[in-house]
Colleague: 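Take this structure, written in structure tokens, and hold onto it; I'll ask about it next.
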Amino acid sequence: MIMSARIYFDNSATTPLDPQVRQAMSPFLDAVYGNPSSMHREGLEARQAVEYARSQVAALLGANGDEIIFTASGTEASNLALWGTVQAQLGCHVITTTIEHPAVLQTCRALASAGIEVTRLPVGGDGIVDPAALAVALRPTTRLVSVMAANNVVGTLQPIAELALITRNHGAVFHCDAVQAVGKIPLDMGRLPVDLLSLSAHKFHGPKGVGALYIRKGVRLSPLIHGGGQEKGLRSATENVAGIVGLGAAAAIAANGMSAETARLVCLRDRLLDRLLQRIPQAYLIGHRYRRLPGHLCLGIDGREGETIKLLMALDDAGIAVSTGSACSASHGGEPSYILSAMGYDPLRARGSLRITLGRFNTEKEVDHFIDVIAAQIN
Ligand code: PLP
């Protein structure tokens, strides 16, 4: 079968905008242009839209609207969480992991340069942090623990509830970079003892350039961006009204359809994995078999790890977009993935992973076509 349209299997890098999100945003790129801080009707209309979006994001997280601060990205939300908590207090201790996204990892490096002590917890071969290791790493001076909900490269889910509870019992603040998880798996702030949580609209069919930080009531943060005092003084700047409306709409769509969509994606993902392992016996799964994001697969092909970029390009020529490692580290070219290295993979294997990530608009027909194309390339 020849397919003319391209197949997009790189939904962890970014997702296509949902047409319903585009529709919700459209008036705010056009007729409704007021500044939410203005007191006239144009301003009030924009303010209402921002507050409605805030309630939609809060509903997705089981949070209150006043616990949501809009930012320009997931990266900015995590920077605000980390710097805002620590406030560059010398003598303070922060714990994170070896497999965080650069949004947290590089921020921790910057904290370390400012004199903050940072501990990076190791992970097992499946990419999971052992809660016992966190308990051992905590110190009287530990002020903050930051662990991601789902890894962007391998898709593994962390035991966030356990890690956050250990942190809370210690009296420290728990931040979760949930950029890959929000909108894909249930995250209920009423049940999870998480204090701060970062998210980004473009990872769940919303627009790029807008994110949010959940801040549990009572948790105190200092701002990174100073100015007109928008977002309760925590993120000054005129709000990106259309983007925020898009984030709200994306959150509402994700909340409404999550259980059905999760089941559909798990089915598609497992079909892809099972058939691929049958057709390509040299293929192996990277990361935990079950504790992983619904649409996420990370694979290696034994003996062919050095040819991954060639394979990616051949798939691209055949109309299929996948990625190696993470798009966010594309500039690092052929270096081994620090995430796979932390999981114990040797440099060759750590360089040669293929990431296949499915999303809302992918179909079974696309999965089957992909298997035919990749099997023809490998065998
Ligand atoms: N955190 C994780 C786990 C990610 O996967 C990404 C993007 O890939 C980010 C943070 C950065 O999000 P943004 O692109 O909104 O800055």
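Not measured: the values here are computed from a predicted model. Both ligands and their constituent atoms are indexed starting at 1 by order of listing.
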Colleague: Atoms of ligand 1 less than 4.0 Å from M148 heavy atoms?
Modeller: 3 (C)
Colleague: What pairs of donor and acceptor atoms, side-chain ones from residues 370-379 against any protein atom, are under 3.5 angstrom apart with sequence neighbours left out?
Modeller:
residue: D372; atom: OD1; partner: R279; partner atom: NH1; Å: 3.1
residue: D372; atom: OD1; partner: R279; partner atom: NH2; Å: 3.3
residue: N379; atom: ND2; partner: R279; partner atom: O; Å: 3.1
residue: N379; atom: ND2; partner: A375; partner atom: O; Å: 3.3

Colleague: Which ligand 1 atoms are under 4.0 Å away from a heavy-atom of Q180?
Modeller: 3 (C), 4 (C), 5 (O), 8 (O)
Colleague: Side chains of T14 and H202: do they bring a donor and an acceptor to under 3.5 Å?
Modeller: yes
Colleague: Which atoms of ligand 1 have any heavy atom of S73 under 4.0 Å away?
Modeller: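 Ligand 1 atoms under the 4.0 Å threshold to S73: 15 (O), 16 (O).
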Colleague: Relative to ligand 1, is T75 under 4.0 angstrom through side chain, backbone, both or neither, heavy atoms considered?
Modeller: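 The answer is both.
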Colleague: Which residues satisfy the side chain to side chain donor-acceptor pair (under 3.5 Å) test with S198, sequence neighbours excluded?
Modeller: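 Checked S198 against side chain to side chain donor-acceptor pair (under 3.5 Å); matches are S78, H175.
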Colleague: Check each atom of ligand 1 against the heavy atoms of K203 and keep those under 4.0 Å away; list them by number with element.
Modeller: 6 (C), 7 (C), 8 (O)
Colleague: What atoms of ligand 1 come within less than 4.0 Å of a heavy atom belonging to N152?
Modeller: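 Once the distances to N152 are compared, the set is 3 (C), 5 (O).
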Colleague: Give the atoms of ligand 1, by number and element, whose distance to some non-hydrogen atom of S200 is under 4.0 Å.
Modeller: 13 (P), 15 (O)
Colleague: Below 4.0 Å from any atom of ligand 1, is there a heavy atom belonging to H202?
Modeller: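 For ligand 1, residue contact (heavy atoms, under 4.0 Å) with H202 is present.
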Colleague: Between S323 and R355, does any side-chain donor sit less than 3.5 Å from a side-chain acceptor?
Modeller: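 Per modelled atom types, S323 and R355 side chains form a pair under 3.5 Å.
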Colleague: Can you tell me if T119 and H93 form a side-chain donor-acceptor pair at under 3.5 Å?
Modeller: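 Per modelled atom types, T119 and H93 side chains form a pair under 3.5 Å.
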Colleague: Do we see a donor-acceptor contact under 3.5 Å between the side chains of S12 and Q180?
Modeller: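 Side-chain D/A pair, S12 to Q180: present.
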Colleague: Between A150 and ligand 1, is there a nitrogen or oxygen pair with a distance under 3.5 Å?
Modeller: no
Colleague: Is the NZ atom of K232 crowded by more than 12 outside heavy atoms at less than 6.0 Å?
Modeller: yes
